[in-house]
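Heads up, the thing below is written out as structure tokens.
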Amino acid sequence: MGSRTYLPLSPDELVRVLKAFGFAYKRTTGSHEQWEGVIKDVRRISTVQRIKGEYSTDRMKRLIDNLGLTPEEFYRADSKISKRYFGR
């Protein structure tokens, strides 16, 4: 997919995807929320920084890699985001 391999998302969109994977909110420290879930039998913790705008493609790559997912697996979790990512 070239430069679209990692689609930038807003914090709210990221939370929607995490919820789609069954993640639950754990706590907030400052502007950082901690979400916990299990992906592929591995307990994962993801930190969502509440920023204005969207995360960079580099940040999205790190977030998705930390979850142990491919970009395709990650972006398919939410139908609205999936349409943007896959163009359908």
Side-chain angles (χ1 to χ4, degrees):
M1 279 193 119
S3 63
R4 290 199 40 189
T5 302
Y6 295 95
L7 180 70
L9 298 181
S10 71
D12 289 338
E13 290 171 323
L14 175 57
V15 167
R16 276 197 340 245
V17 172
L18 292 174
K19 286 181 178 180
F21 279 106
F23 275 62
Y25 169 81
K26 286 300 179 192
R27 65 187 169 121
T28 299
T29 304
S31 63
H32 295 76
E33 295 175 356
Q34 297 246 314
W35 291 78
E36 182 178 18
V38 176
I39 294 180
K40 300 178 183 177
D41 296 325
V42 178
R43 180 178 163 264
R44 310 273 182 175
I45 295 180
S46 185
T47 301
V48 177
Q49 184 180 7
R50 286 297 177 167
I51 61 168
K52 292 181 183 179
E54 296 179 330
Y55 296 116
S56 69
T57 55
D58 289 340
R59 165 101 26 120
M60 291 306 304
K61 179 183 181 334
R62 286 192 307 271
L63 287 166
I64 294 169
D65 288 348
N66 285 337
L67 293 173
L69 298 168
T70 66
E72 291 77 15
E73 291 171 324
F74 179 83
Y75 291 117
R76 263 197 195 101
D78 181 84
S79 61
K80 282 184 177 180
I81 295 168
S82 181
K83 288 176 186 174
R84 277 180 37 210
Y85 184 76
F86 294 103
R88 297 180 204 141

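Scope of the values below: all heavy atoms of this structure, side chains included, with no hydrogens, waters or symmetry mates. When a residue number appears, it is its place in the shown sequence, counting from 1.
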Would you find a donor on one side and an acceptor on the other, under 3.5 Å apart, between the side chain of Tyr55 and the backbone of Asp58?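 No.
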Is there a donor-acceptor contact under 3.5 Å from the side chain of Tyr75 to the main chain of Leu7?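 It does hold such a pair.
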Taken to the nearest 0.5 Å, the spacing of Ser46 OG from Leu67 CG works out to 5.0 Å
Point-to-point distance, once rounded to the nearest 0.5 Å, from CZ of Arg62 to OG of Ser56: 6.0 Å
Determine, stepwise, if the pair Phe74 / Met60 fulfils side-chain contact (heavy atoms from CB on, under 4.5 Å). CA-CA 10 Å; Phe74 179 83; Met60 291 306 304; 3.8 Å; yes
Any non-hydrogen side-chain atom of Phe86 less than 4.5 Å from a side-chain atom of Arg76?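 Sidechains of Arg76 and Phe86: in contact.
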With the side chain counted from C-beta on, respond yes when Pro71 and Tyr85 share a heavy-atom pair under 4.5 Å apart, and no when they do not.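 Of all side-chain heavy-atom pairs linking Tyr85 with Pro71, at least one is under 4.5 Å.
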NZ/NE/NH1/NH2 to OD/OE distance under 4.0 Å, [X] and [Y]:
{"X": "Arg50", "Y": "Asp12", "value": "yes"}
{"X": "Lys61", "Y": "Asp65", "value": "yes"}
{"X": "Glu36", "Y": "Arg44", "value": "no"}

How far apart are the closest heavy atoms of [X] and [Y], and which atoms are they?
{"X": "Leu9", "Y": "Arg84", "value": "CD2-NH2, 4.0 Å"}
{"X": "Ala20", "Y": "Ala77", "value": "CB-O, 3.4 Å"}
{"X": "Pro11", "Y": "Ile51", "value": "CG-O, 3.5 Å"}

Would [X] end up clustered with [Y] when hydrophobic side chains under 4.5 Å apart are linked, directly or stepwise?
{"X": "Leu69", "Y": "Ile45", "result": "no"}
{"X": "Leu14", "Y": "Val38", "result": "no"}
{"X": "Tyr25", "Y": "Phe23", "result": "yes"}

Residues in side-chain hydrogen bond (donor to acceptor under 3.5 Å, both in side chains) with Lys40, at least two apart? Glu73
Please determine which of Gln34, His32, Glu33 meets the side chain to side chain donor-acceptor pair (under 3.5 Å) test together with Thr47.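 When Gln34, His32, Glu33 are each tested with Thr47, the side chain to side chain donor-acceptor pair (under 3.5 Å) holds only for Gln34.
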Please lay out, stage by stage, how Glu13 and Leu18 fare under the test side-chain contact (heavy atoms from CB on, under 4.5 Å). CA-CA 9 Å; Glu13 290 171 323; Leu18 292 174; over 6 Å; no
